[in-house]
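Given the structure is predicted, the values throughout are model-derived calculations rather than measurements. Below, chains carry the letters A, B, ... as their sequence lines are ordered, and counting in each starts from 1.
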There are 2 protein chains.
Amino acid sequence: MAFKGQAEYSVDSKGRVAIPAKMRKSLAPAANETFTITRGFEDCIFLYPMDEWTDIEEEIDALNMYDREVRNFVRLIMRWASEVSLDGQGRISIPNSLIDFVELDGSALILGAFDHIEIWDPEQFDGYLNEQPDDYETLAESVMR
Amino acid sequence: MAFKGQAEYSVDSKGRVAIPAKMRKSLAPAANETFTITRGFEDCIFLYPMDEWTDIEEEIDALNMYDREVRNFVRLIMRWASEVSLDGQGRISIPNSLIDFVELDGSALILGAFDHIEIWDPEQFDGYLNEQPDDYETLAESVMR
DNA sequence: GGACGATTCCCCACATTTCCCCACGCGCCC
DNA sequence: GGGCGCGTGGGGAAATGTGGGGAATCGTCC
């Protein structure tokens, strides 16, 4: 039940974005139509269904908070995080802080990314693709071994 | 039910600060709407819900008080500590000593930091962020392995 | 020992924001 | 071609953050 596909949807004046119906169908019942939304890597937003996020929390819980680097990381990941649920129309509302952070204005690119969903500003994503030094085939060789 | 998110709220003339509703909902019933507030690491205030603080007390209890370093640490952490409870409006009042210590004036940044809540002076937090040598992605690579 | 003052605590009221519900139109699928 | 599902937009009600006031408590000074 992994998240697949992409779609470009509008972000309305209230910061709401629809989650594609196909991705909604990939949601485990245990997720209870609820996500944890937070800052992603490389200037995008991560959307973890509740059941997946629980695993991440367990990993964080196992860290040693008396380590300075751990505190830095925990502050960065948790300060952007919040819980969001689907409304009756299958949308979530993105916190203003995250909209500013990834510079969303008007439209958003929704990406299925296996265990989570990503939200990008379409232009930022174009820029990200162009920055990639390695092509698809080279990446596959080095990652999948 | 970890603490997530951030908010910038005002500190009124009586030293009161609201705790964001979302964080209040993450409070375990066992915490009984009560926190232990104390000096945090890196110039901020730590706010531990009562149930989490119990764990810390057990850790401290296990330390060897005949060790000079242990005594120094215990003095530092305990001398700033006190118990605070939420009022009818979901606020706590911060002891004057801690307000002076982190140089709060007028507004405070409330951070969810997994097992506790942090209170920063907004400018101090900006300075802290700028001091960070590593970016988010690098930190994640070194911490989460 | 009593009275005064300062401080703390609790309650009430307002303004803003957030959330939830309803309604419309396009497009896809049957 | 018709119906149903899906994405989009707006409005009303409840919850949230903010400020102030009054009563009880504590400590201090006379």
**Request:** Under the side-chain contact (heavy atoms from CB on, under 4.5 Å) rule, what do Arg16(B) and Val11(B) come out as? Steps first, then yes or no, please.
**Result:** CA-CA 5 Å; Arg16(B) 296 178 298 186; Val11(B) 183; over 6 Å; no

What is the distance, to the nearest angstrom, from the [atom1] atom on [X] to the [atom2] atom on [N]?
X: Leu86(B); N: dC9(C); atom1: CG; atom2: P; answer: 13 Å
X: Lys14(B); N: dC11(C); atom1: NZ; atom2: P; answer: 13 Å
X: Arg16(B); N: dC10(C); atom1: CZ; atom2: P; answer: 12 Å
X: Tyr9(B); N: dT16(C); atom1: OH; atom2: C1'; answer: 12 Å
X: Asn96(B); N: dA6(C); atom1: CG; atom2: C1'; answer: 13 Å
X: Arg91(A); N: dC21(C); atom1: CZ; atom2: C1'; answer: 10 Å

**Message:** If the threshold is 4.0 Å, N to carboxylate O, is there a salt bridge linking Lys4(B) and Glu57(A)?
**Reply:** yes

**Request:** For Arg75(A) and Tyr128(B), test the side chains for any donor-to-acceptor distance below 3.5 angstrom and give the result as yes or no.
**Result:** yes

**Asked** So, do Asp121(B) and Asp105(B) sit near enough that their side-chain heavy atoms are less than 4.5 Å apart?
**Response** yes

**Prompt:** Hey, are the side chains of Arg24(A) and Leu86(A) touching, using non-hydrogen atoms and a 4.5 Å cut-off?
**Reply:**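 SC-SC contact between Arg24(A) and Leu86(A) confirmed.
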
**Prompt:** Among pairs that include at least one residue of residues 31-52 of chain A, which meet side chain to side chain donor-acceptor pair (under 3.5 Å), considering only residues two or more places apart or in two chains?
**Reply:**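 The answer is Thr34(A)-Ser85(A).
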
**Asked** When we call it a touch if two heavy atoms are under 4.0 Å apart, what does Lys22(A) touch: a base, just sugar-phosphate, or nothing?
**Response** nothing

**Message:** Counting the atoms with a prime plus P, OP1 and OP2 as sugar-phosphate, which does Asp12(A) contact under 4.0 Å by heavy atoms, base, sugar-phosphate, or nothing?
**Reply:** sugar-phosphate

**No-H, no-angle donor-acceptor pair, Gln89(B) side chain to dC10(C) base, under 3.5 Å** =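 Checked by distance alone, the answer is no.
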
**Complete:** Counted 5' to 3', the first and last nucleotides of DNA chain D within 4.0 Å (strictly under) of a heavy-atom of chain A are dC6(D) to dG11(D)

